[in-house]
Every structure is written in structure tokens, then in C-alpha cells.
Amino acid sequence: RDKLVTGVQTCALPISDKKITMDLGEVRKIDYLRPSSRISWISSNPDSVQVDINGYLFAISSGKSVITGYYNGKKHKISVSVKRGKKKGR
């Protein structure tokens with residue numbers, strides 16, 4: 001995958017939140033400190049939580065999902081729970 005270039009350090013993707021709770025219909029950006037277009041995001045349960053290429057989470061239905069970000073050959077996981085509630089207008 002990514003190669004180490006002399007003089008350049010690769011590092012993990014610092015993610016602020018390891019657990020997130022969202023309301024049904026909420027949209028939220030994953031808070032990570034090293035923005036990069038090389039991050040790939042995947043949801044373990046896209047029927048509940050979807051994630052786009054920019055790290056935005058979409059609460060589709062109540063349930064749980066693990067969002068995994070792949071960066072520099074490493075996995076970074078975030079547990080996301082969607083609770084039933086009033087749909088937020090954004």
C-alpha cells in the first residue's frame with residue numbers, strides 16, 4: 001500500500017471520538033486531526049449508519065455500527081449508536 005519515503009514519517013490517524021451517539025436523521029463529521037484524501041471509510045451496518053468519503057456520518061435508522069477508517073495501512077474504529085428520537089432538520 002503506502003510506502004515510507006525517506007525523511008517523511010507516517011503516522012496513525014488521530015480520531016477524537018471512539019464512541020458516538022447520534023439521533024435519527026442526524027449528520028455529523030468524524031473529528032480527526034490529520035485530514036487526508038487517502039482515508040477510506042466503511043460502515044459495518046449501512047442500514048443504520050452510512051459514511052461518505054469525506055467522513056460524514058448519516059444516521060439512517062436506529063441501531064449500531066462500527067465505522068472503520070483505513071489510513072496508512074492501519075484500521076481506526078469508531079462505535080456509532082443511533083437512537084430513536086426526533087428527526088433533526090439540518
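Bear in mind that the values here come from a model prediction, so they are computed numbers and not experimental data.
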Under a 4.5 Å cut-off applied to non-hydrogen side-chain atoms, are Leu24 and Arg84 in contact?
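No, their side chains stay 4.5 Å or more apart.
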Can you spot which of Val51, Val82, Asp52, Val49 makes a side chain to side chain contact (heavy atoms under 4.5 Å, CB included) with Phe58?
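Answer to the side chain to side chain contact (heavy atoms under 4.5 Å, CB included) test with Phe58 among Val51, Val82, Asp52, Val49: Asp52.
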[X] and [Y]: which non-hydrogen atoms are nearest, and at how many Å?
X: Arg28; Y: Thr21; answer: NH1-O, 4.1 Å
X: Val80; Y: Ile67; answer: CG2-CG1, 3.7 Å
X: Lys64; Y: Asn45; answer: O-ND2, 3.1 Å
X: Ser61; Y: Ser48; answer: O-OG, 2.8 Å
X: Asn54; Y: Trp41; answer: C-NE1, 4.2 Å
X: Tyr70; Y: Lys75; answer: CE2-CG, 3.3 Å

dist Thr68:OG1 -> Ile78:CD1 (nearest 0.5 Å) comes out at 8.5 Å
Rounded at 0.5 Å granularity, tell me how far CD1 in Ile30 sits from NE2 in His76.
11.5 Å
Hydrophobic clustering (ILVMFWY, side-chain heavy atoms < 4.5 Å, transitive) - are Met22 and Val66 grouped together?
no
Contacts of type side chain to side chain donor-acceptor pair (under 3.5 Å), residue Ser43, not counting sequence neighbours:
Ser65
A quick test of your reading: do over 12 heavy atoms of other residues, nucleotides or ligands sit less than 6.0 Å from NZ of Lys19?
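For Lys19, atom NZ is not crowded (no more than 12 foreign heavy atoms under 6.0 Å).
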